[in-house]
*Asks:* 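Handing you this structure, nothing more for now.
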Amino acid sequence: VQLQASGGGLVQAGGSLRLSCSAAGSIFRGNVMAWYRQAPGKQRERVAMITNEGSTVYADSVKGRFTISRDNAKNTVDLQMNSLKPEDTAVYYCNRLITPIPWGQGTLVTVSS
């Protein structure tokens, strides 16, 4: 498995979750990595991205609530999600930004109101 996302679950609105993604070194090393999500009936959207040096960009919908980070020694990229809202409910995926590889299964986040 080249990309493995984990950490999803059911949480009440206002709660927090931390997602983690492990990637093969050839995918992770030196590349901009990103978290995406796809809600039922909607297109996949990018929520956060991080460069190899740690610069980050967030979608407006999650800015101030989500934090992306990476560990270049472990080839992992995490997404800390705070103040979750029902509209954050989706399957979350990670991938590299440029030339993404085939998508993994993702991890389901369900936020109840």
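The figures that follow rest on heavy atoms only: side chains count, while hydrogens, waters and symmetry mates do not.
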*Asks:* Test of understanding: clusters of I, L, V, M, F, W, Y form through side-chain heavy atoms closer than 4.5 Å, transitively. Do V111 and F66 belong to the same one?
*Replies:*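 V111 clusters together with F66.
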*Asks:* Show the numbers, then the answer: is there a side chain to side chain contact (heavy atoms under 4.5 Å, CB included) between R65 and Y58?
*Replies:* CA-CA 10 Å; R65 301 188 296 122; Y58 297 92; over 6 Å; no
*Asks:* With a 4.5 Å heavy-atom cut-off, do R44 and W103 have their side chains touching?
*Replies:*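 A side-chain contact exists here, since the closest heavy-atom pair is under 4.5 Å.
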*Asks:* Report yes if the side chains of Q4 and Q105 come closer than 4.5 Å at any heavy-atom pair, otherwise no.
*Replies:*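 No, every pair of side-chain atoms sits at 4.5 Å or beyond.
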*Asks:* Spell out, as yes or no, whether a donor-acceptor pair under 3.5 Å connects the side chain of N72 to the backbone of N52.
*Replies:* yes
*Asks:* Check for a donor-acceptor pair, side chain of D88 on one end and backbone N or O of L84 on the other, with a separation under 3.5 Å.
*Replies:*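 It does not hold such a pair.
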*Asks:* Mind checking the CE-CG spacing from M33 to L3? Nearest 0.5 Å is all I need.
*Replies:*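 The CG atom of L3 is 5.5 Å from CE of M33, to the nearest 0.5 Å.
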*Asks:* Please determine whether residues Y36 and M81 belong to a single hydrophobic cluster, defined as Ile, Leu, Val, Met, Phe, Trp and Tyr linked transitively by side-chain heavy-atom distances below 4.5 Å.
*Replies:* no
*Asks:* To the nearest 0.5 Å, tell me how far W35 CH2 sits from L79 CG.
*Replies:*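 Output value for this atom pair is 6.0 Å.
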*Asks:* Of L19, T89, L10, which meets side-chain contact (heavy atoms from CB on, under 4.5 Å) against V109?
*Replies:* L19
*Asks:* Using only atom types and a distance under 3.5 Å, with no angle test, would you say the side chain of R29 pairs donor to acceptor with the backbone of N75?
*Replies:* no
*Asks:* Between Q80 and N82, is there a side-chain donor-acceptor contact under 3.5 Å, judged purely by atom types and distance?
*Replies:* yes
*Asks:* Walk me through it: do V11 and S16 pass the test side chain to side chain contact (heavy atoms under 4.5 Å, CB included)?
*Replies:* CA-CA 7 Å; V11 64; S16 299; over 6 Å; no
*Asks:* Under 4.5 Å between side-chain heavy atoms, counting indirect links through other Ile/Leu/Val/Met/Phe/Trp/Tyr residues: same cluster for L97 and V77 or not?
*Replies:*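 Each belongs to a different hydrophobic cluster.
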*Asks:* Answer yes if V91 and V62 sit in the same cluster of Ile, Leu, Val, Met, Phe, Trp and Tyr residues linked by side chain heavy atoms under 4.5 Å apart, and no otherwise.
*Replies:* no
*Asks:* Which atom pair, heavy atoms only, marks the closest approach of A13 to P86?
*Replies:*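 For A13 and P86, the tightest heavy-atom pair comes out as CB-CD, 4.1 Å.
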*Asks:* With the threshold set at 4.0 Å, does a side-chain nitrogen-carboxylate oxygen contact exist between D78 and R18?
*Replies:* yes
*Asks:* When you measure from the side chain of R46 to the backbone N and O of M49, does any donor-acceptor pair fall under 3.5 Å?
*Replies:* no
*Asks:* Would the number of heavy atoms belonging to other residues, nucleotides or ligands and lying under 6.0 Å from CD of E87 be above 12?
*Replies:*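 Buried by this count: over 12 neighbours within 6.0 Å.
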*Asks:* Would you say N95's side chain and I101's backbone share a donor-acceptor pair under 3.5 angstrom?
*Replies:* yes
*Asks:* Are V57 and I98 connected, step by step, through hydrophobic side chains (Ile, Leu, Val, Met, Phe, Trp, Tyr) whose heavy atoms are closer than 4.5 Å?
*Replies:*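 Hydrophobic grouping puts V57 with I98.
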*Asks:* For the residue pair R37 and Y93, would you count it as a cation-pi contact if the rule is NZ or CZ under 6.0 angstrom from the ring centre and within 45 degrees of the ring axis?
*Replies:* no
*Asks:* Using modelled atom types and a 3.5 Å cut-off, is there a donor and acceptor pairing between side-chain atoms of T51 and backbone atoms of V32?
*Replies:* no
*Asks:* Is the side chain of D71 donor-acceptor paired with the backbone N or O of A73 at a distance under 3.5 Å, no angle test?
*Replies:*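 Side chain of D71 to backbone of A73: a pair is present.
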